[in-house]
Amino acid sequence: MSKLVYDILTWPTGTRAVITDLLIYYFLYRFTRWLLKPLWFSSPFRNIPGPPPSSWFMGNLNQLFNPKGLEFHQHLSDRFGGMVKTYGFFGDEQLYVSDPLALQSIIVKDQDAFEETEVFIETNRVIFGPGLVATTGDVHKRQRKIVAPVFAVPQLKALMPVFYDVAEKWQRNRDMSEWMSRVALETIGRTVLGYSFDPLDSPHNNPYTSAIKDLIPTLFSLSLLRQFAPFFAHLGSPSFRRWLVEQTPHKAIQKVKDMSDVMHHTAQNILNEKREILHREQTENKSKDIISVLLRVNDQARGAEEKLTDAELTGQMTVLIFGAQDTTSSVLSRVLYLLSVHQDVQDKVREEIRAAVAAHGVYGESEGTSSPRLSYDEVIALPWLESVIKETLRLYPPVPFVRRTAIKDTTLLYSSSHPSESASLSDPSLSPIQHIRVPEGTTLFVGIANANRIASKSVWGSDADDWKPQRWLEVDHQDQSSEEDIKGDNGETSKVRMKLPGIYHGMLSFLGGGRSCIGYKFAQIEMKILLITLLLRFKFTPSPKSEILQEEIVWNLSQIISPSVRRNDVTVTEEKGLPLGVEVLS
Ligand code: HEM
């Protein structure tokens, strides 16, 4: 906060005056509302437990949006359960929800009453354009109906050679995290846009890739300022708002503006090139990338309802790049780290892949490649590999929370038992159902990571917090859900399915409902092909320098989780990255 105040104080006088005036009006408005609130209604959340605000102005926001905030997020459900009260600006009461019953309502049953927050939508609209993450209601539903089919399995099967081509370019590099994000960007560029951002033939990240990589952490560093986005989004004309942004001498804001411009122009150029190619191409040799498929569908669509405008098309292109890059590279980094620590599991996965290759492996068609390639069906039939990914996504979802706003008054049901009592959920007297009125305008956190952990406890029992991929190999446990007896307000007991409403084996890692991850099958096949290719060639171990330099890997929150290495030398230092040992296998 003090850095923010310092930045503002060093801005030129004219800009500072306009922006300071606007902020003052906004603060006054929020402050007066906060001051008067107790006079007109008593809080419906007065009985909900939660931590005290850490400041009267920012509530718990600086704990929740903090790179070191993962522990605080976990503490919320460990200490207070699945329905927690937290505070936003000026004492604004918010809910942090990880309770399976309440989440069924927020994500699926009453999803039309819980939208993405205005902050999320408005900033995404400015940065990415009107794609899936910048639209709500019927516009979002229409876009989703058009875009979702291009991620179907036949499309993914057609992209298999591209996934392998990129995976095989992996070079021995000590920093896995940097390499994973380059590979993820190149994969998404080539499969979704048919465009190569980074041919991966130089040992260094190209400047364009680093800039893209920096966007999400930069946005996260602006989390608090972003809260004002809805206010600015309705201020004057788009050109006035653009002028305001251009005049704001805040480094991070200028960085985001520049990146958004580059992304927009790149997407526009790619779209124009694609259109030309589509007109020229022969029917038997059609481009298979996702955007070409989408363009063909769009060209054939009859009514405006079934078509995306050019702005919507370029919006999807940038959104898909950002939706895909940091998420998959975060999971891949985590999997390689865990496999390096759990050598027994790494050996099992490698044995399984070798056996499949011996039984079916075909050799790559691309020139110069001699790597075995399994087909889509053979890849998804590898149980150890599947279990490693499931278990990693269960315990370490790369997006640990998302937020929603109640757009109408709603009542949520939730189980009032504390997660530590989940073993006794079958005793109805201990697990009564509560309900809570959620007024329109309430901000809610959907605690993805906490919800996965709470649901895990009742299914997996005492070792639910341990990373044990083999648990998924038991036939009875193909997904994480259980039925519990729960006592309602009327005293009657009923069976309630404690299943999380996630699209991924009873987990929320890819969320659920109408805003679930559109690329979740894409992500799985991409990650599996990369892991197959790497594990056949290399053995991964913890960094050989870790003991001498006392290196420790820590995982930080920047909306998406990413690794850093902390060195406990004379002083403690921390830098982004994931150093691992890599041995070539004969
Ligand atoms: C392991 C990798 C991934 C994880 C864990 C993940 C997770 C998620 C989550 C939690 C959401 C919901 C966000 C919200 O509601 O605010 C989401 C949405 C989305 N994801 Fe992913 N994602 C992954 C990979 C991908 C990939 C590879 C793509 C594209 C190829 C993609 C594209 C999207 C899009 C476009 C949305 C917005 C959907 C909508 O609003 O309708 N994601 N993802």
Side-chain angles (χ1 to χ4, degrees), residues 1-7 10 54 61-75 171-185 202-225 250-252 254-256 259 325-327 329-342 392 395-396 398-400 449 467 538 540-583:
M1 186 57 198
S2 53
K3 163 115 182 34
L4 182 66
V5 173
Y6 174 80
D7 283 352
T10 55
S54 74
L61 293 178
N62 51 359
Q63 294 160 298
L64 290 161
F65 291 98
N66 187 321
K68 298 290 170 203
L70 279 173
E71 267 178 38
F72 181 74
H73 283 263
Q74 187 166 329
H75 159 80
Q171 293 175 3
R172 272 178 80 193
N173 185 310
R174 209 172 87 88
D175 184 355
M176 295 305 135
S177 159
E178 190 214 348
W179 193 261
M180 286 307 142
S181 43
R182 289 180 67 181
V183 169
L185 179 64
S202 92
H204 300 294
N205 222 336
N206 73 29
Y208 185 67
T209 317
S210 343
I212 290 183
K213 173 98 191 97
D214 277 353
L215 184 70
I216 288 184
T218 313
L219 277 178
F220 189 73
S221 74
L222 290 170
S223 295
L224 296 177
L225 268 185
H250 188 285
K251 254 191 180 162
Q254 292 310 316
K255 200 169 164 183
V256 171
M259 265 323 298
Q325 196 208 357
D326 282 4
T327 44
S329 65
S330 170
V331 181
L332 283 164
S333 297
R334 184 77 81 154
V335 168
L336 286 182
Y337 169 74
L338 289 162
L339 290 179
S340 78
V341 177
H342 299 267
T392 308
L395 277 177
Y396 309 110
V399 184
W467 186 78
F538 307 105
F540 295 92
T541 54
S543 165
K545 295 189 185 163
S546 59
E547 278 189 17
I548 315 161
L549 292 176
Q550 296 190 38
E551 280 181 354
E552 182 194 357
I553 303 302
V554 288
W555 300 86
N556 293 323
L557 182 61
S558 64
Q559 193 59 50
I560 294 165
I561 294 176
S562 63
S564 288
V565 50
R566 184 186 290 157
R567 294 194 177 95
N568 297 309
D569 209 349
V570 185
T571 51
V572 179
T573 54
E574 201 177 305
E575 70 177 294
K576 281 185 181 171
L578 173 64
L580 289 184
V582 185
E583 284 170 35

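Here the structure is a predicted model, which is why all the values come from computation and not from measurement. All values below were derived from every heavy atom in this structure, side-chain atoms included, with hydrogens, water molecules and symmetry-related copies excluded.
The pair E178-K576 does not count as a salt bridge, with every side-chain nitrogen at least 4.0 angstrom from each carboxylate oxygen.
Residues that satisfy the side-chain hydrogen bond (donor to acceptor under 3.5 Å, both in side chains) test with S54, not counting sequence neighbours, are N62. Partners of A449 by side-chain contact (heavy atoms from CB on, under 4.5 Å), not counting sequence neighbours, listed by chain and number: P397, P400. Residues forming a ring-ring contact (aromatic ring centres under 6.0 Å, His included) with F72 (at least two apart in sequence, or on another chain): none. Remark: Q63 pairs with N60 by the side-chain hydrogen bond (donor to acceptor under 3.5 Å, both in side chains) rule, at least two apart or across chains. The side-chain contact (heavy atoms from CB on, under 4.5 Å) search around E574 returns K68, V554, N556, S564, R566, not counting sequence neighbours.
Using a 4.5 Å heavy-atom threshold, the side chains of D326 and Q559 count as separate. Side-chain contact check for M259 versus T218: every heavy-atom pair is 4.5 Å or farther apart. Two residues are said to be in side-chain contact when any heavy atoms from C-beta on lie closer than 4.5 Å; Y396 and L338 meet this criterion.
Across all non-hydrogen atoms, the minimal contact from L64 to H73 is O-NE2, 2.8 Å.
Note that the CD1 atom of I553 and the CZ atom of R334 stand 10.5 Å from one another [nearest 0.5 Å]. Atom CD1 in I561 sits 12.0 Å away from atom OG1 in T327 (nearest 0.5 Å). Note that CG of N66 is 11.5 Å distant from CG of L61, once rounded to the nearest 0.5 Å. The line from CG of L222 to NZ of K251 is 13.0 Å long, rounded to the nearest 0.5 Å.
Each of S177, P542, S543 was compared with P579 under the side-chain contact (heavy atoms from CB on, under 4.5 Å) criterion, and only S543 meets it. For the side-chain contact (heavy atoms from CB on, under 4.5 Å) with S340, the qualifying choice from L578, L580, V582, V335 is L580, the only one to do so.
Listed by first then second residue, pairs satisfying ring-ring contact (aromatic ring centres under 6.0 Å, His included) with a partner in residues 555-579 read Y337-W555, not counting sequence neighbours.
Although no hydrogens or angles enter the test, the distance criterion places a donor-acceptor pair under 3.5 Å between the side chain of Q325 and the main chain of S181.
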